[in-house]
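The analysis underlying the following values was restricted to heavy atoms, covering all of them including side chains, and did not include hydrogens, waters or symmetry mates.
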Amino acid sequence: MQDNLILGTMGHIDHGKTSLVRALNGFWGDERREEQERGITLDLSFSNLSNGERNIAFIDVPGHEKLVKNMIAGAFGLDYAMLVVGANEGIMPQTLEHLRISSLLGISDFVVVLSKVDLVDSAAITELKEQIQSLFAKFLGLKYRIFEVSIHNKISVENLKNALFALPKKIHRDLGFFRYYIDRIFVIKGSGCVVSGTLLDGSLLNSQKVWCCNLGRLLGIKNIQCHGEFVNEAKSGQRVALNLSGVSHSELKRGDLLTKKGYLRGFDRVEVVLETFVEIPHNVEVNFFIGALKLPSRVLFLSEKYATLKFKSPIYSVFNERFILRDDKQTLGGGRILSPIADPMKKSQKLEFLELLDKGDLKGAFEILLQAHKRGFGLISASQRFGIAQNEALEIAKKIPQCFVNEKDLVVYPKEAEELLRGIILAILQKNPNALLSAALLCQKQSWVANDFAQSLLDKLTKDGILCKKDSFFVSPKSEIGEIGDYLYHTIYSLLQNQGFEPMAPYNLYDSLDIDRKSGDEVYKKLTKEKKIVRLNHKLFICTHSLTQLLERMREIIKSEGYLDLNNFKAHFNFSRKYLIAYLDYLDSFSDIINTNGKRTLKQC
């Protein structure tokens, strides 16, 4: 199987990046007429070089200072950076700018190419190498090799090419789902909308649907291309072109994120760790770059190191994802997203949380979340929140004392959640000693409660003598219920009889009796089958004898007034609209009733 590397070609304008790529693979990146005329790359340019075993995808990014935003879009997802420095000009402003941006984006391995070496002598090359060594020394952890190249010297080009093929393969993080920032959008005649980007995580199959977070809808894939070839599957780290269906090119924009539905939530604020090159004032608005996305952001400092970034629209980021901050003139800094999910926390708590995340102490971060979320928090978002799989998150949660880990529903509950639910149970029993408690009932009444958590507490209260087990229910020791089936049947039927023409909706009735929906539904089904009640719609069941009485009254109105519609029906029965419409619709089911534009009359014999 062919290995793939993505290599970004960067450096100052006119230092020969595009010409170098052409010497390596024959591709001339300046496709637009204005690019060719000016001799610069205005936007991202893509090509590849292959030797059968290894494929290298080149992203040639623009070097002009006004086009740094395009450079940033191309720098996300790179395996290596090829920093081109013209030997005749040396280190220039965009050389430093591109190196800064690359380091902020976590690119640590560089191939430094001294281009145009045929234009200078050996002394100038030696001096430039010393300057490059001093430049890289300013950045912690960056590795580099220097190559002397002239596009007119085939041996120097071949030496560089062989070195590129020998670069070690990079291991890409796999979140378990794919993420793909769109960096270019095309319309191809006969094919429609085509987008390109780098597959940052996971893999993508031709048969899959993709979720566009920004549009909030699923899109189809007609075909996938990687490096000019049609493929059935694209993998993390590859440059990928997607021919999409179900969307127009005009609906998409650079920076839109494609992923798998249900894996990422969007938030209009994130918490980050910052590394800055210049002082950034508190509450200032800057340009935020992530993937191929650019949008304005306000920087709200929590400390010298940590900050909240606030946006006017949601972003769909993941833990440890890198970003860049710029103003209109320069790169201000960048950093890593530590908390992509907005959590309700006090400032001191949030700072402790961010410090733990920054150090990679996920167990400590879990404990802070449990303090902040008194009703528990979900692990279903573990990949977005912590960059780990759900099973890894479960293992971390299990190491935390005094908490309940609900594996089935992927929820972790602190001790306070148990006390809170205990209080809810006791309040139900105080109000209604005949309540039929069950895990299903508690989940029904409290959306934050998961079944296994509820069941665990009910079992514990039974063991402590606070509850008694009766059939499949948990009841108060003071309960006067005999046989549960008879109690439910007679209680529900009696209530419906007493409610007459305005019966409660089933779920409201269940809630008033403190019984779960499944048990209540079984009684309703039995009563309906016995024809003791009639179902008019999914929320309205009425006793048969009450319905018979009401139908007789409705027919009397028709006979006395000549018709029955919503207005005169309401004049006789001041029901809410839901009852009036349901009864009129039911009346329409009789063959002797004629409905003419909402007026019911009797068919003449």
Side-chain angles (χ1 to χ4, degrees), residues 173 175-176 263-275 282 297-311 314-323 335-423 446-450 452-453 456-457:
R173 177 182 70 171
L175 294 176
Y263 279 78
L264 293 179
R265 289 186 286 160
F267 294 90
D268 65 357
R269 63 181 63 205
V270 294
E271 266 76 51
V272 303
V273 56
L274 282 175
E275 181 183 338
H282 177 73
S297 168
R298 198 160 290 282
V299 183
L300 306 170
F301 281 96
L302 298 167
S303 69
E304 189 176 338
K305 186 178 181 182
Y306 302 112
T308 297
L309 301 183
K310 195 167 186 331
F311 313 99
I315 69 164
Y316 302 83
S317 58
V318 297
F319 174 70
N320 248 348
E321 194 167 8
R322 293 177 179 268
F323 62 89
R336 293 177 291 118
I337 291 177
L338 297 178
S339 182
I341 294 175
D343 289 296
M345 292 184 187
K346 298 175 183 176
K347 183 179 177 181
S348 59
Q349 197 176 43
K350 186 170 289 185
L351 278 171
E352 186 180 357
F353 180 58
L354 296 177
E355 286 169 4
L356 290 165
L357 288 172
D358 194 14
K359 293 187 296 185
D361 183 354
L362 296 186
K363 179 174 177 288
F366 271 46
E367 290 172 343
I368 297 292
L369 282 174
L370 283 170
Q371 294 171 24
H373 294 273
K374 303 299 184 187
R375 298 181 176 186
F377 74 93
L379 300 182
I380 197 165
S381 300
S383 52
Q384 180 178 13
R385 192 192 281 277
F386 302 116
I388 58 175
Q390 292 169 351
N391 61 333
E392 292 179 71
L394 282 170
E395 291 307 311
I396 294 171
K398 288 176 185 176
K399 295 175 184 176
I400 301 173
Q402 296 294 307
C403 77
F404 182 89
V405 181
N406 191 316
E407 294 191 48
K408 183 180 178 182
D409 295 289
L410 294 170
V411 184
V412 186
Y413 293 99
K415 186 69 177 174
E416 291 88 339
E418 184 178 300
E419 294 303 317
L420 180 59
L421 185 56
R422 179 189 174 98
Q446 302 291 327
S447 61
W448 59 274
V449 174
D452 289 358
F453 175 55
S456 172
L457 183 55

Fill in: Student check: side-chain heavy atoms of Val412 and Asn406 closer than 4.5 Å
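When only atoms from C-beta onward are counted, Asn406 and Val412 do not touch, as no gap falls below 4.5 Å.
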Item to complete: Check whether any side-chain heavy atom of Arg385 lies under 4.5 Å from a side-chain heavy atom of Leu369, and answer yes or no.
Response: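 The answer is yes, as the side chains (C-beta and beyond) meet within the 4.5 Å cut-off.
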Worksheet item: Are Lys350 and Asp343 close enough for a salt bridge, meaning some N to O gap below 4.0 Å?
Response: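 Result for this pair is no, no salt bridge flagged.
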Item to complete: Before accepting this row, confirm whether a basic side-chain N of the pair Glu355/Lys305 lies closer than 4.0 Å to the acidic partner's carboxylate O.
Response: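 Not counted as a salt bridge, because no side-chain N and carboxylate O are separated by less than 4.0 Å.
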Discussion item. Before you tell me yes or no, could you show the steps for Val411 and Leu379 under side chain to side chain contact (heavy atoms under 4.5 Å, CB included), namely the whole-Å CA-CA distance, both residues' side-chain angles and the distance that decides it to 0.1 Å?
Written reply: CA-CA 6 Å; Val411 184; Leu379 300 182; over 6 Å; no
Worksheet item: For Ile380, does its backbone N or O pair with a side-chain atom of Gln390 as donor and acceptor, under 3.5 Å?
Response: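 Such a contact is found between Gln390 side chain and Ile380 backbone.
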To check you understand the geometry: which heavy-atom pair defines the closest contact between [X] and [Y], and what is its length?
X      : Y      : answer
Ala389 : Ala382 : O-CB, 4.3 Å
Pro414 : Cys403 : CA-CB, 4.4 Å
Gln384 : Leu264 : OE1-CA, 3.6 Å
Ala372 : Met345 : CB-CG, 3.9 Å
His282 : Leu300 : CE1-CA, 3.5 Å
Val270 : Ile315 : CG1-CD1, 4.0 Å

Practice prompt. Please assess Lys374 against Leu420 for the test side chain to side chain contact (heavy atoms under 4.5 Å, CB included), listing each intermediate value before the final yes or no.
Written response: CA-CA 9 Å; Lys374 303 299 184 187; Leu420 180 59; 5.6 Å; no
Spatial distance of atom [atom1] ([X]) from atom [atom2] ([Y]) [nearest 0.5 Å]:
X      : Y      : atom1 : atom2 : answer
Glu321 : Tyr316 : CD    : OH    : 13.5 Å
Glu407 : Leu394 : CD    : CG    : 5.5 Å
Asp268 : Leu309 : CG    : CG    : 11.5 Å
Ile368 : Asp361 : CD1   : CG    : 9.5 Å
Ser339 : Phe386 : OG    : CZ    : 8.5 Å
Ser317 : Arg336 : OG    : CZ    : 13.5 Å

Item to complete: Would you indicate whether Leu356, at its atom CG, is surrounded by more than 12 heavy atoms from other residues, nucleotides or ligands within a distance under 6.0 Å?
Response: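 Counting other residues, nucleotides and ligands, CG of Leu356 exceeds 12 neighbours.
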Worksheet entry | Crowding at NZ, Lys399 (>12 non-hydrogen neighbours, <6.0 Å) |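 Result for NZ/Lys399: open.
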Worksheet item: Listed by chain and number, what are the side chain to side chain donor-acceptor pair (under 3.5 Å) partners of Tyr263, not counting sequence neighbours?
Response: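 Side chain to side chain donor-acceptor pair (under 3.5 Å) list for Tyr263, sorted by chain: empty.
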Item to complete: Just say parallel, tilted or perpendicular for the rings of Tyr413 and Phe453, cut-offs at 30° and 60°.
Response: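 Rings of Tyr413 and Phe453: parallel, as their planes differ by under 30°.
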Item to complete: Check the pair Glu418, Phe404 against side chain to side chain contact (heavy atoms under 4.5 Å, CB included), reporting the backbone distance first and the verdict last.
Response: CA-CA 9 Å; Glu418 184 178 300; Phe404 182 89; 5.8 Å; no
Item to complete: Could you give me the CA-CA distance, side-chain angles and deciding distance for Ile337 and Phe319, then say whether side chain to side chain contact (heavy atoms under 4.5 Å, CB included) is met?
Response: CA-CA 6 Å; Ile337 291 177; Phe319 174 70; over 6 Å; no
